Amino acid sequence: MLLAHTHSPYAWQADVDTTVVIPALSLLYLFAVGRLGAPRWRIWCYAGAMVLLAVAFWTPLHHLGLHYLLTAHLLQNVILAEWAPLLAVLAVSAPMAAALARTRAWRVVTHPAVALPLWLADYFAWHVPFVYEAALRHQSWLIHVEHACYFATGVLMWWPLAQDIPHRLASGARAGYAFAAFVLASPLGLLLALLPKPVYDFYVDARPRVWGLSAISDQQIAGVAMASEQAVVLFVVFLYWFRRFLYEEGG
């Protein structure tokens, strides 16, 4: 359910579910900090994650993505599936991670052999044309399921790279994991950039054409931006762990 609707592409559209979710996540983390503690830098990471979620849902990016531009929606998805989850995982202190690790289900889903395939499957599944368009045409509920799946699997994907509990990976293994994520995720953006026709009719029918972009131009920009973002973020993480691996081996 939307609080309001306007025909302006640049509307600041507040969404009921996300207006509740962001404060709820913030309160949950503050409760965990009060019980288990966290250094200041981790608290700032969590604040950054919540700011990114606010940008994704409370700015014109949200309205543009839901009604006009594939590029805006893919940027929103990148925030939800990669940037905000990374900061959220970095925000988790060792005592918090240990508390979560007491649950067998958490130990299973954060295993690298489970977490990465779940994230990849979620990313690709929601971009299947009929699934993607179904979410856009059912914005009262299905779009929220999509967004929740992105954030949840994003947390799982980053966990083995940024946390030592419950599975402490060696630096070389983390470098390999990051490289696998980079290689396996990149075809999606490249495919969108290279396809000769628009794959999502929802955006073909969007009016007005924001910034004068045709549907195919919008799709090409979205694909290139998505592939470039993943190349930068995941490759930088790979290089970080690879350099750690080389240092440890040299030492």
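Values in this document were obtained by computation on a predicted structure and should not be read as measured data. Residues: numbered from 1 along the sequence shown.
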For residues [X] and [Y]: do they belong to one hydrophobic cluster (side chain heavy atoms under 4.5 Å, members Ile, Leu, Val, Met, Phe, Trp, Tyr)?
X    : Y    : value
L142 : F151 : yes
L69  : Y10  : yes
V224 : W211 : no
L116 : I165 : no
V128 : L120 : yes

Does the side chain of [Y] come within less than 4.5 Å of [X]'s, by heavy atoms?
X    : Y    : answer
Y150 : E146 : yes
E249 : L246 : no
T19  : F57  : no
M96  : L100 : no

Quiz prompt | Y46 and R42: side chain donor to acceptor below 3.5 Å | solution =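 There is no such pair between these side chains.
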Practice problem: Tell me yes or no: between the side chains of Y123 and E82, is some donor less than 3.5 Å from an acceptor? | Solution: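 Yes.
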Exercise. In sequence, state the C-alpha distance, the side-chain angles, and the governing distance for V204 and K197, and then conclude on side chain to side chain contact (heavy atoms under 4.5 Å, CB included).
Key: CA-CA 10 Å; V204 174; K197 294 182 180 180; over 6 Å; no
Donor-acceptor check, side chain of [X] to backbone of [Y], threshold 3.5 angstrom: yes or no?
X    : Y    : value
Y200 : A215 : no
S228 : A225 : no
Q76  : G65  : no
S217 : L213 : no
H67  : H63  : no
H127 : Y132 : no
H144 : Q139 : yes
Q163 : A97  : no
E133 : D201 : yes
T153 : L118 : no

Which pairs would a plain distance check flag for residues 21-36, meaning a side-chain donor or acceptor within less than 3.5 Å of a matching protein atom at least two apart in sequence or in another chain?
| from | atom 1 | to | atom 2 | distance (Å) |
| --- | --- | --- | --- | --- |
| S26 | OG | I22 | O | 2.9 |
| Y29 | OH | A91 | O | 2.7 |

Minimum heavy-atom separation for [X] and [Y], please, with both atom names.
X    : Y    : value
V155 : P85  : N-CB, 3.5 Å
I79  : L52  : CG2-O, 3.5 Å
L90  : C45  : CB-SG, 4.0 Å
Q220 : A193 : CG-O, 3.5 Å
Y177 : L156 : OH-O, 4.1 Å
V199 : Q219 : N-OE1, 2.8 Å

Exercise. Give a yes or no on whether F182 atom CZ has more than 12 heavy-atom contacts from other residues, nucleotides or ligands under 6.0 Å away.
Key: yes
Quiz item: Near R137 CZ, under 6.0 Å, is it more than 12 heavy atoms from other residues, nucleotides or ligands?
Solution: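 Yes, CZ of R137 has more than 12 neighbouring heavy atoms, counting only those of other groups under 6.0 Å.
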Quiz item: So, W106 versus W159, ring centres under 6.0 angstrom or not?
Solution: yes
[X] [atom1] to [Y] [atom2] distance, which is reported to the nearest 0.5 Å:
X    : Y    : atom1 : atom2 : result
L75  : E229 : CG    : CD    : 8.5 Å
R209 : Y203 : CZ    : OH    : 10.5 Å
T71  : M226 : OG1   : CE    : 11.5 Å
L86  : L234 : CG    : CG    : 9.5 Å
L70  : L192 : CG    : CG    : 6.5 Å
F124 : W119 : CZ    : CH2   : 8.5 Å

Exercise. Go through the steps to decide whether N77 and H147 satisfy the test side chain to side chain contact (heavy atoms under 4.5 Å, CB included), and finish with yes or no.
Key: CA-CA 7 Å; N77 291 346; H147 292 160; 4.2 Å; yes
Practice problem: Give the ring-plane orientation class for F238 versus F179, where under 30° counts as parallel, over 60° as perpendicular and anything between as tilted. | Solution: tilted
Self-check item: Listed once per pair and sorted, the salt bridge (charged side-chain N to carboxylate O under 4.0 Å, His left out) pairs that draw on residues 158-187, sequence neighbours left out
Solution: D164-R168, D164-R174
